[in-house]
Peer 1: 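Encoded as C-alpha cells, here's the structure I'll be asking about.
Excluded from the calculations below are hydrogen atoms, water molecules and symmetry mates; all remaining heavy atoms, backbone and side chain alike, are included. This chain uses plain numbering: 1 for the first residue, then up along the sequence. A quick note: this is a predicted structure, and the numbers were derived from the prediction, not measured.
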Amino acid sequence: MQALQALKPESLKRYKDIIALLIKYGRSDLVRQTGLHAVVGQREPSLSPTIAPKAEELANDLEKLGATFIKLGQLLSTRGDLLPEPYLDALSRLQDQIEPFPYEIVEQIVSSELGVRISKIFPEFDREPMAAASLAQVHRAYLRDGRAVVVKIQRPGVRDLIVNDLEALEEVAGFIDAHTEVGKRYEFGNLLTDLRRSLLRELDFQREASNLMRLRQSLREYKNIIVPQPIEDLTTSRVLTMDYIPGKNIANLSPLRLLEIDGAKLSDELFRAYLKQMLVDGFFHADPHPGNVFLTDDDRVALLDLGMVANITARFQDDLLRLLLAISEGRGDEAADISMRMGEPKASFDKSDFNHRVGDLVARHAQATLERIDAGHVVLEITRISADCWFRLPPEFTMIAKTLLNLDRVVYTLAPDFDPNAIIREEATTLITQRLAKSLRPGRILSGVVEVKDFIERFPSRVNKILDAVGNNELKIGVDAIDEKIVLDGLQKVANRITLGLILAALIVGAALMMRVETSFKILGYPGLPAIFFLLAALAGIILIVNIAFYDVKPKKKDDDSD
C-alpha cells in the first residue's frame with residue numbers, strides 16, 4: 001500500500017473513480033478487505049444494503065469515465081462468470097460515441113502521419129466526422145481517382161490516457177486478487193492483462209489494416225460478405241484509409257428493410273463464414289456485434305472494425321469443433337469433458353459439480369428449445385460455471401463465447417427462425433476435411449520431410465553410441481521404482497524364461513527334423529533320440545507351467561491392501 005500513497009494526481013483520481021464504482025455496484029466488501037479507501041482518504045464504506053443500480057446505469061457510468069473504461073465495459077460484456085445477464089446485455093450495447101475533436105487537429109495528424117498536406121491526397125475530405133468514438137473518429141473522403149474512402153484518425157493523447165488508466169486498474173485488480181476470495185476465484189489481474197493486450201493492438205492501425213487484408217483473403221469465397229480494402233500507402237499506426245462501403249448497421253435496420261432482403265441466406269453464409277474463421281483458419285473477427293456488421297446498399301453483409309481479432313491453435317480448434325457438436329446435439333457429459341480439456345483446474349476445483357452443471361446446462365437447453373440451442377449462450381454459461389467451480393478457462397474461450405453470442409444476435413436479427421446448430425452439424429464433415437487439407441499444405445509436408453531427413457541422418461550415429469555403450473559396459477537404465485531389487489529380479493526371471501522358451505523351441509524343432517532320419521534305436525516304433533527330445537521339452541514345459549501357476553507372486557488387490 002505504501003507504493004500507492006505516492007500516486008500522481010491523475011492516478012489518484014482514477015482510484016477514486018474505481019472505488020466509487022465498486023461501492024455503487026454492491027462491492028463494498030472488496031474495498032473494505034483491501035483497504036483501498038484508505039489510500040485515497042475515503043471513509044470506510046458501509047456494508048448496509050442499498051438499492052441496486054440498473055444495468056444501464058453501469059454502461060452510462062463507464063461511458064463517462066472515458067476510453068479505457070468503455071473498452072473495459074465491452075470486455076466485461078463477455079464475462080458471464082462475473083456479471084448477471086442483464087448487465088451483459090447492457091454492456092454489449094455500450095455506445096462508444098463521444099464528442100469529436102476539431103478538424104484542425106485531424107488535418108494536423110493526417111498531414112504529419114502521411115507526410116503531405118491533406119488536400120494533396122484527398123481533393124474532398126468531409127470536415128464533419130461520420131462517427132466519433134473514444135479511440136478514433138472516421139471521416140469520409142475521396143481520392144484523386146474518384147474512389148470513395150473513409151479515413152480513421154486516432155484521437156490525440158489517447159495512448160497515454162489508456163496507459164495511465166490501465167496502471168491504476170491493474171494495481172486495484174492486484175490488491176483484490178491478493179486479498180479477497182473473489183479475486184482469487186475470478187482473477188481480475190488476468191482480465192486486465194487481456195484488456196491491455198486488446199487495447200494496445202487496437203491502437204495500432206497498421207495491424208488493423210493487416211487484419212482487414214487477411215480476413216478479405218479468408219472470406220473471398222463468400223460472395224455475400226465483404227470486408228473493406230485498406231489502402232496501405234495511406235495507412236500508418238495512427239491513420240487508416242480504407243474503402244467506403246455504403247450501408248447501415250444491422251442494429252438500426254427497420255422492419256421494412258429486413259423484409260426486402262433474404263435474411264435466411266445472409267445468416268446462413270455469415271454463420272458458415274465464422275465457422276471457417278474459427279475452426280479452419282484459426283483467425284477470426286472477435287467483435288461481430290450488430291454495430292460492426294453492416295447491411296450494404298446492394299444487400300450484402302459488410303464486416304467492419306477489425307481492431308479486435310483473435311488467433312487460436314490447431315489443438316484448440318479441434319476441441320472447439322467437438323464442443324460445438326456436443327452442444328448442438330445436446331450431449332452434456334461430452335461437453336463437460338471437452339471443456340475440461342480446454343482449461344486447467346485450480347486448487348479447489350470441484351470436478352463432480354462442474355460435470356453435473358455443464359451436463360445439466362446442455363441438457364436443459366436441448367429440452368427447452370428442441371429446434372435450436374444458442375451455442376453462444378451455452379458457451380458463455382460454461383465460463384460462469386467454471387469460475388464457480390474454481391476452473392480456469394483460457395482467454396480464447398471467452399473470446400469464442402463473445403463472438404458466438406454477438407453472432408447469434410446478428411443472425412437472429414436477419415432471420416429470427418435461423419438454426420445455427422443445423423449449420424454446425426452440416427458443416428462438421430466439411431470443416432474436418434478443410435482442416436485435414438490445411439495440415440497437408442506443402443509447407444507442413446516439407447517440414448515433416450525435413451524432420452524425417454534429420455531423423456535418418458542422426459539414426460546411425462545414435463545406434464553407434466548405444467552399441468559402443470553396450471560394448472564398453474557403460475549402458476545404464478534408469479528405473480524409477482519403489483524397490484530396484486524387485487525390478488531386477490523380475491527382469492532376470494523374464495530373461496530366464498525367454499531363454500528356456502528358446503531352448504524348448506529348439507528341442508522341438510530339432511526333434512521334428514530328426515524324425516525323418518532312420519536309426520536302429522527306436523522307442524515305441526519312433527526314432528529314439530527325437531522321442532527323448534520331445535519328452536524332455538514336454539517335461540520342461542510342464543515344470544514351467546506349474547512354476548508360473550503356483551509359485552509366481554501375484555500382485556495384491558487394492559482391497560487386500562486396505563485390509
Peer 1: Less than 4.0 Å between a side-chain N and a carboxylate O, is that true for R196 and E170?
Peer 2: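 Result for this pair is yes, salt bridge flagged.
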Peer 1: Roughly how far, to the nearest 0.5 Å, is CD of E396 from CZ of F284?
Peer 2: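 If we round to the nearest 0.5 Å, F284:CZ and E396:CD are 8.5 Å apart.
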Peer 1: Under the criterion side-chain hydrogen bond (donor to acceptor under 3.5 Å, both in side chains), I'd like the reasoning laid out for R140 against Y142: C-alpha separation, chi angles, the key distance, then a yes or no.
Peer 2: CA-CA 7 Å; R140 187 174 174 182; Y142 290 88; 2.9 Å; yes
Peer 1: Heavy atoms, side chains only, cut-off 4.5 Å: are D305 and E208 in contact?
Peer 2: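 Contact flag for D305/E208 side chains = yes.
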Peer 1: For a side-chain hydrogen bond (donor to acceptor under 3.5 Å, both in side chains) check, start with the C-alpha distance between D204 and S237, then their side-chain angles and the critical distance, and finish with the verdict.
Peer 2: CA-CA 5 Å; D204 184 355; S237 62; 5.3 Å; no
Peer 1: Please name the pair of heavy atoms, one in V379 and one in I327, separated by the smallest distance, quoted to 0.1 Å.
Peer 2: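 That closest heavy-atom pairing would be CG2-CD1, 3.9 Å.
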Peer 1: Output yes when D194 and R197 qualify as a salt bridge under the 4.0 Å nitrogen-oxygen rule, no when they do not.
Peer 2: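 Looking at D194 and R197, the cut-off is met.
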Peer 1: Between S218 and K276, is there a side-chain heavy-atom distance shorter than 4.5 Å?
Peer 2: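 K276 vs S218: side chains touch.
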Peer 1: Determine whether I225 and R300 make a side-chain contact, defined as any pair of heavy atoms from C-beta on separated by less than 4.5 Å.
Peer 2: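 Answer no - side chains too far apart.
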Peer 1: Give, for atom OG1 of T383 and atom CD of E381, the distance between the pair rounded to the nearest 0.5 Å.
Peer 2: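 These two atoms lie 7.5 Å from each other.
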Peer 1: Out of Y244, F125, F101, F122, which residue meets the ring pair (Phe, Tyr, Trp, His ring centres under 6.0 Å) rule with H139?
Peer 2: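 That would be F125.
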Peer 1: Distance under 6.0 Å and angle within 45° of the ring axis: does K248 meet both against F294?
Peer 2: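 No, K248 does not sit over the ring of F294.
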Peer 1: At what distance, to the nearest 0.5 angstrom, does CD1 of I261 lie from CZ of R257?
Peer 2: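 Interatomic distance, I261 CD1 to R257 CZ, rounded to 0.5 Å: 6.0 Å.
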Peer 1: Is any NZ, NE, NH1 or NH2 atom of the basic residue among E104 and R127 found under 4.0 Å from an Asp or Glu carboxylate oxygen of the other?
Peer 2: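 Salt bridge: yes.
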Peer 1: Just by distance, with hydrogens left out, do D243 and Q229 show a side-chain donor and acceptor under 3.5 Å apart?
Peer 2: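 Per modelled atom types, D243 and Q229 side chains form no pair under 3.5 Å.
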Peer 1: Thinking salt bridges, do E426 and R272 make one under a 4.0 Å N-O criterion?
Peer 2: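 So E426 pairs with R272 through a salt bridge.
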Peer 1: Assess whether atom CG of N190 is packed by more than 12 heavy atoms of other residues, nucleotides or ligands within 6.0 Å.
Peer 2: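 Correct, the count exceeds 12.
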Peer 1: Measure the spacing between CG of L161 and OG1 of T68 and express it to the nearest 0.5 Å.
Peer 2: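 So the gap between those two atoms works out to 5.0 Å.
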Peer 1: Are L135 and E202 side-chain neighbours, meaning at least one heavy-atom pair lies under 4.5 Å?
Peer 2: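 Side chain of L135 against side chain of E202, heavy atoms only: contact under 4.5 Å found.
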Peer 1: Roughly how far, to the nearest 0.5 Å, is the OG1 atom of T403 from the CG atom of D408?
Peer 2: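 OG1 of T403 is found 11.0 Å from CG of D408.
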Peer 1: Are more than 12 heavy atoms, taken from residues, nucleotides or ligands other than D233, located less than 6.0 Å from that residue's CG atom?
Peer 2: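 It does not: D233 CG has 12 such atoms or fewer within range.
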Peer 1: Are I382 and F391 close enough that some pair of their side-chain heavy atoms sits under 4.5 Å apart?
Peer 2: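 A side-chain contact is absent here, since even the closest heavy-atom pair is not under 4.5 Å.
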Peer 1: Would you give the length of the straight line joining atom CG of L62 to atom CG of L72, rounded to the nearest 0.5 angstrom?
Peer 2: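 Those atoms lie 6.5 Å apart.
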Peer 1: Does D337 pair with R322 as a salt bridge, N-O distance under 4.0 Å?
Peer 2: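 Looking at R322 together with D337, the answer is no, because their closest N to O distance does not fall below 4.0 Å.
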Peer 1: Is F397 close to M342 at the side-chain level, that is, under 4.5 Å between some pair of heavy atoms?
Peer 2: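 Yes, their side chains come closer than 4.5 Å.
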